[in-house]
Engineer: 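Attaching a single structure in structure tokens format; questions to follow.
Please read all numbers here as calculations on a predicted model, not as lab measurements.
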Amino acid sequence: MAGMSSLSAAQRFHAYANPARFMALSSRLVAPLGMLSALVIAAGLWFALVASPPDYQQGETVRIMYVHVPSAWLAMFGYSVMAVASAVALIFRHPLADVAAKSAAPIGAAFTFLALVTGSLWGRPMWGTWWEWGDARLVSMLILLFLYLGYMALWATIEEPVRAARAAAVLALVGSINLPVIRYSVDWWNTLHQPASVFRMDGPTIASSMLLPLGLMALGFTVLFVTLLLVRMRAEIMRRRVRNLRLARAASGAGA
Amino acid sequence: MTTSDLRLSARDLACERGGRLVFESLEFDVAAGEALVLTGPNGSGKSSLLRQIAGLLEIGRGQIELTGGDPERALGEQAHYLGHLDALKPSMSVLETIRFWALYLGGSAAAAQAALDDMALGDLADLPVAYLSAGQRRRLALARLAAVPRPLWLLDEPTVALDQASVGRLRAFMAAHLAGGGIIVAATHLDLGLGTAKSLRLGAEEMA
Amino acid sequence: MTDFLNMGGYAAFVWPAYGLTAAVIAGLVWQSIADYRAQTALAEKLEQLSGGRVRRAASSERDGEVQ
Amino acid sequence: MSRAFLALLLRDLRLAARLGGGGGMAVFFFLVVIAIVPLGVGPDRPLLASLAPGMLWVALLLAALLTLDRLFQADYEDGSLDLLSTGPLPLELVAVAKALAHWIVTGLPLVVSAPLLGVLLNLPSAAALPLTLAMLIGTPALSFLGSVGAALTVGIRRGGLLASLLVLPFYIPVLIFGVGAAAAASGGFEGEAGRQAFLLLGAVTLASFAVGPLAAAAALRANLR
């Protein structure tokens, strides 16, 4: 076979994981979870935009925090989902873990991108520039985006899913070990160059009136993350099914 | 498809690769409807001769001429060269591949679809090439010859990776080409059952 | 209503932030669902094409009998 | 003839889109190189602003080099290059199609992302448009001159690295006039040096349209025949 692992090994590998159970379970979960996330986010928006007071120091721009902070949390949550799933995939050889890790990456990357842009929009009125190298968390978020893009690029270039899964799992684990080191180095780099702007990203201690919208938005985003993860996992399982069908089809074709 | 006075001839042909004299003072004449089978040990220059005819390899001394062909087009453009490599892209589907080569080499999209059916690849049309077996890839490469009518076929070990049924199909395919007044020059160990084929042994005289 | 839209003068920052968040999330949801639908359709088409022959083989190995 | 040219161009664009997201890899490299400059040089804004046009051009050059070696190598390895030369298209036009595909897949995305990355380097907004314009004019030269390096190293092991080293000197005029056009022009177009740099950049690109394909075809013949 042209570069494919032997047919039976790939199919047995996936057969063992018995995706049928997951597909049945997830098909019942997707719709309700989707509804739940829509409701929670709607409520969150209501409190974030209308029912909460502006900040005495930042004024209305504090409302950007209600999208920026949850996005940042989901960005990191996404990467930890990938790291845990990759560990499970490598240690327990459970292919559904690979599927979960691969499906989580684009969602995490999207939230990281959102965190970066909303962070820049939030900082702009204060710092006068769209990007502030002085803010260690924003810089670390940018590096996290690189890790995500690298992970997805690795999946995109290796055709054979079993080999790609193992390589991506190793990358995700190495990435997760490196994240604290990167974060520390950026903090240290920050103290080296005393940043001109005094303004710190998180601003004043979070007033109680802000906790509700922030909490709702974070919960809504998390439920949305899980919903999208399930949908993308189902798509990935179908994609592998298509691949096996094509292999079988070529094998059964005339004069294989 | 081709005029009957088609003739491929070579006079005092020599080939030198990387300082090594592969063969020299080679002569042959092939008329329309005839086949020339190149035999000889590996490394005796069968592939090099085919590449020289196709214009893919410099001709050191001597010359090759196709008389009676299309004067405007170079010899290489009037020949199909089938080398060891199948020139297939794994991410492209079977149909996309044959359609590209048909369009690029001057054939038509309709002929491309027909060529797939001739090579029994019709039902694998939208399968990416990555999924094909070696035999199916070879047949897809051969389908290119059916899709674009060209008088001269230069085949380097065409039966490699083909199973019995496909070899039978290849023989009929080649016989039809000869019947249509085409010329075939093939390097092969397998008897292609071309009956009237002339044969040219390479490399033996130098050794003896 | 207008001062709500004005966002205390920071409309140029708050609304793009929310707008972009909505756009990216909508794009992500749409792409995920579209990808799932495309792969499912492709799988069904391939199963019909192979006349169920492959389905039986696939389902037997799915229950782990093929070990 | 033109049908074959279009068929080849479209095939290459489709292949690039399918394998590794086309220009995505080059833009990702461009983004990472620009992002690490401040980490090395320090977050001092005025310093970054003065560095920005030069760094953006250097990073763009390196990103363009990155994807050069596969230009002919991929087709050489699977035997397509042999067949391409038995087609109606002369090797010169095959080289044009390849360079054009490289520019569309790699050059354009880089040009589009340059002003966005300028934000990371605190590029003054006035300089963004001239820089992008200069890059738009200069990047075709990177692809057409680059195709010569790719053709010279086809079939050579680790040819990609060699191709970059061969081609980088040819890129120097593009770099100098490109940065000149971007920096001088940011003070408004009437700057004499700015307009001169733009014209010279355009001249280099036009020259590359002529020299590139001819040299690439000659290199392919020398390498393969």
Engineer: Which bit of D:Leu224 is near chain B, if near means a heavy-atom gap under 4.5 Å: side chain, backbone, both or neither?
Structural biologist: backbone

Engineer: Among B:Gly83, B:Gly55, B:Ala79, which has the most heavy-atom pairs under 4.5 Å with chain D?
Structural biologist: B:Gly55

Engineer: Closest approach of D:Pro88 and B:Leu105, non-hydrogen atoms and distance?
Structural biologist: CD-CA, 4.2 Å

Engineer: Among the options D:Leu10, D:Leu81, D:Leu8, D:Leu83, pick out the one with the most heavy-atom pairs lying under 4.5 Å from chain B.
Structural biologist: D:Leu83

Engineer: Is B:Leu88 close to chain D through its backbone or its side chain, or both, or neither, when contacts mean heavy atoms under 4.5 Å?
Structural biologist: backbone

Engineer: What residue, out of B:Leu103, B:Leu56, B:Leu82, has the most heavy-atom pairs lying under 4.5 Å from chain D?
Structural biologist: B:Leu56

Engineer: So for D:Leu6, is it side chain, backbone, both, or neither that comes closer than 4.5 Å to the heavy atoms of chain B?
Structural biologist: neither

Engineer: Checking an interface table here. Which of residues 139-166 of chain D come within a heavy-atom distance under 4.5 Å of chain B?
Structural biologist: none

Engineer: Which donor-acceptor pairs sit under 3.5 Å apart between chain D and chain B?
Structural biologist:
unit_1	atom_1	unit_2	atom_2	d
D:Arg3	NH2	B:Gly107	O	3.3
D:Arg18	NH1	B:Ser91	O	2.8
D:Arg18	NH1	B:Glu96	OE1	3.0
D:Arg18	NH2	B:Glu96	OE1	3.2
D:Arg18	NH2	B:Glu96	OE2	2.6
D:Asp75	OD1	B:Lys89	NZ	2.4
D:Asp78	O	B:Ala87	N	2.8
D:Asp78	OD2	B:Lys89	NZ	2.8
D:Asp82	OD1	B:Arg51	NH2	3.3
D:Asp82	OD2	B:Arg51	NH1	2.9
D:Leu84	O	B:Tyr104	OH	2.9
D:Thr86	O	B:Arg150	NH1	3.1
D:Thr86	O	B:Arg150	NH2	3.2
D:Arg225	NE	B:Gly55	O	3.3
D:Arg225	NE	B:Leu56	O	3.4

